[in-house]
*Asks:* 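Please see the structure below; I have some questions.
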Amino acid sequence: MNMAKTHLLFFFLLILLQTSLEGETLWGETDSRAESLNAESVNLALRRTGHLLLLAEEDSTTTIPPVKQLDVQTFMLTLHEGFDYDQLPGILRESLYLRNITADYEVQVFDCVTDTLILGYFYMSQIPDAPVPCVGRNLIRGCSHIKVVFQPGPKAENGKGLLMTLIIVIFVLAGLIFFRNYKQPPPISKDEPATASGIHLSATVFDLSKLKVVVAETERDLTFREAKLLHYFFQHPNELLERDRIQKNVWEDEGIIVDRSLDVFVSRLRKILAEDRGLRIVNVRGVGYRLEVNEQ
């Protein structure tokens, strides 16, 4: 380690220590500024949630009212038309994830007319696969208020901020000493025929990072789950994929996908890929699916 890097390192560590000693806000008691949510990001996430819930009902024309911010931590989305309650937990979680919102939150669904609580559950990032109450039941459909209450960050006991900073100092020093000359090459998947603009098959180019696919020069947006499923098909062209294998490798970490959901997402992907005659998702009855590729 040369002298310039050493000076830079100690300058950085000095700032960390000073921050912890003055306010305990780096890793100690939660700074109120760190607890505040980005209202615009929450707004966009909830509007995306409403949009996808209505699309799942094949409703692409109903207007979604503006999202209301009831207080610093509470936001409310109103849907005047009915929606599938089973879809709400997964779509909301996905929408917040795409906006980098990681706080725990409570969801409350109220009937617009009677203000009766219809559905309620609590999402904790430490237990992402916890069961959601009322999912799978036949619920009355109608105008609903979807209220999302985000939880403030936890507060640590006084003095733990300095301890955590010192632990970071030790790990930073150890990393610089033992791995300063190590450079990890970017991962390359042998299963993906990658190009500069994404994964290319037939007349289709798929970009997982942007949730976009270009089919016969027509760009289409994908949902997070559609993109995950298409990515798995693109990794295994012309290969018969059993239903259980797809469920395990694509959605095992989500814990809320039921068997019939796979058929729904495959149907959506078929419509998206319809303009590319070189690609076809074939159903092998009783077994699974195969992405057949016929390069033009």
Side-chain angles (χ1 to χ4, degrees), residues 43-67 75-99 107-113 118-119 121 132 134-148 204 206 208 210-216 218-233 243 246-247 250-251 254-277 279-283 285 288-289 291:
N43 189 307
L44 292 173
L46 291 183
R47 290 193 64 81
R48 179 182 185 275
T49 298
H51 172 67
L52 293 180
L53 287 173
L54 293 180
L55 282 185
E57 299 296 310
E58 299 184 354
D59 181 354
S60 59
T61 58
T62 299
T63 301
I64 301 174
V67 174
F75 297 78
M76 186 172 73
L77 167 69
T78 299
L79 294 181
H80 295 293
E81 302 297 329
F83 63 91
D84 185 353
Y85 291 95
D86 290 6
Q87 298 285 341
L88 174 60
I91 292 178
L92 177 58
R93 174 184 172 187
E94 170 189 302
S95 299
L96 293 173
Y97 171 82
L98 292 175
R99 288 288 167 182
V107 176
Q108 303 168 359
V109 181
F110 293 89
D111 184 279
C112 292
V113 178
I118 303 173
L119 172 70
Y121 68 92
V132 177
C134 299
V135 167
R137 300 180 184 179
N138 294 324
L139 301 174
I140 299 175
R141 291 169 172 249
C143 177
S144 301
H145 296 308
I146 303 174
K147 184 184 297 184
V148 182
T204 299
F206 168 54
L208 176 63
K210 296 181 180 179
L211 300 182
K212 292 183 181 293
V213 62
V214 179
V215 183
T218 301
E219 184 175 276
R220 300 285 297 273
D221 292 324
L222 300 173
T223 68
F224 183 66
R225 289 178 182 163
E226 289 171 349
K228 289 177 68 176
L229 180 57
L230 184 60
H231 183 249
Y232 192 65
F233 278 130
R243 297 179 67 90
I246 296 175
Q247 295 272 29
V250 178
W251 291 310
E254 297 194 21
I256 58 173
I257 297 296
V258 296
D259 188 62
R260 62 183 174 85
S261 298
L262 175 59
D263 301 322
V264 173
F265 285 111
V266 168
S267 176
R268 294 179 188 173
L269 291 181
R270 281 174 171 162
K271 294 179 182 179
I272 293 172
L273 300 176
E275 296 183 18
D276 188 346
R277 296 184 179 181
L279 292 182
R280 187 173 65 146
I281 301 177
V282 177
N283 178 23
R285 186 177 298 275
Y289 292 97
L291 176 65

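No experiment lies behind these values; they were computed from the predicted model shown.
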*Asks:* Residues two or more places apart in sequence or in another chain: which of them pass side-chain hydrogen bond (donor to acceptor under 3.5 Å, both in side chains) with Asp221?
*Replies:* Lys212

*Asks:* Are side-chain heavy atoms of Arg243 and Asp263 found at a separation under 4.5 Å?
*Replies:* yes

*Asks:* Distance check, rounded to the nearest 0.5 Å: Thr204 atom OG1 versus Arg220 atom CZ?
*Replies:* 11.0 Å

*Asks:* Any pair with a residue in residues 45-55 that passes side-chain hydrogen bond (donor to acceptor under 3.5 Å, both in side chains), sequence neighbours left out, goes on the list, sorted by first then second residue, please.
*Replies:* Arg48-Glu94, Arg48-Ser95, Thr49-Ser95

*Asks:* Of all the heavy-atom pairs spanning Thr78 and Cys112, show the shortest one and how long it is.
*Replies:* CG2-SG, 4.0 Å

*Asks:* Minimum heavy-atom separation for Leu211 and Thr223, please, with both atom names.
*Replies:* CD2-O, 4.4 Å

*Asks:* May I have the step-by-step check of side-chain contact (heavy atoms from CB on, under 4.5 Å) for Val215 and Val213, ending in yes or no?
*Replies:* CA-CA 6 Å; Val215 183; Val213 62; 3.9 Å; yes

*Asks:* Could you pull out all donor-acceptor pairs under 3.5 Å where a side-chain atom in residues 267-274 meets a protein atom, sequence neighbours excluded?
*Replies:*
residue, atom, partner, partner atom, Å
Arg270, NE, Ile281, O, 2.9
Arg270, NH2, Ile281, O, 3.0

*Asks:* Hey, does Asp84 have a side-chain heavy atom less than 4.5 Å from the side chain of Leu53?
*Replies:* no

*Asks:* Return the minimal non-hydrogen interatomic distance between Val109 and Ser144, and the atom names on each side.
*Replies:* CG1-CB, 4.0 Å

*Asks:* Measure the acute angle between the ring planes of His231 and Phe206, then classify it against the limits of 30° and 60° as parallel, tilted or perpendicular.
*Replies:* tilted

*Asks:* Only counting residues at least two apart or in another chain, list the ones meeting ring pair (Phe, Tyr, Trp, His ring centres under 6.0 Å) with Tyr232.
*Replies:* His236

*Asks:* Starting at NZ of Lys147, measure out to CE of Met76 and round the result to the nearest 0.5 Å.
*Replies:* 7.0 Å

*Asks:* Only pairs at least two apart or in different chains count here, so list each salt bridge (Lys or Arg N to Asp or Glu O under 4.0 Å) that has a residue in residues 55-66.
*Replies:* Glu57-Arg141

*Asks:* Where is the tightest heavy-atom contact between Cys143 and His80, given as atom of each residue plus distance?
*Replies:* SG-ND1, 3.5 Å

*Asks:* Tell me, do Leu44 and Arg99 make a side-chain contact under 4.5 Å, heavy atoms counted?
*Replies:* yes

*Asks:* Just jot down the ring pair (Phe, Tyr, Trp, His ring centres under 6.0 Å) partners of Phe83, sequence neighbours excluded, or say none.
*Replies:* Tyr85

*Asks:* So which heavy atom on Leu79 is nearest to which on Gly50, and how close?
*Replies:* CD2-CA, 4.1 Å

*Asks:* If I compare all heavy atoms of Pro65 with all of Leu77, which pair ends up nearest, and what's the gap?
*Replies:* O-CD1, 4.3 Å

*Asks:* Can Ile118 and Phe110 be said to form a side-chain contact (heavy atoms from CB on, under 4.5 Å), step by step?
*Replies:* CA-CA 5 Å; Ile118 303 173; Phe110 293 89; 5.9 Å; no

*Asks:* Do Leu262 and Ile246 have side chains that approach each other closer than 4.5 Å (heavy atoms only, starting at C-beta)?
*Replies:* yes

*Asks:* Measuring only between side-chain heavy atoms, which start at C-beta, is Leu54 closer than 4.5 Å to Ile64?
*Replies:* yes

*Asks:* So how far is it from Glu81 CD to Thr63 OG1, rounded to the nearest 0.5 Å?
*Replies:* 10.5 Å

*Asks:* Please enumerate all residues that pass side chain to side chain contact (heavy atoms under 4.5 Å, CB included) together with Leu96, with sequence neighbours excluded.
*Replies:* Ala45, Leu92, Ile101, Tyr105, Phe150

*Asks:* Once salt bridge (charged side-chain N to carboxylate O under 4.0 Å, His left out) is applied, do any residues pair with Arg280, and if so which ones, sequence neighbours excluded?
*Replies:* Glu292

*Asks:* Considering only heavy atoms from C-beta outward, does the side chain of Phe75 approach that of Leu46 to under 4.5 Å?
*Replies:* yes

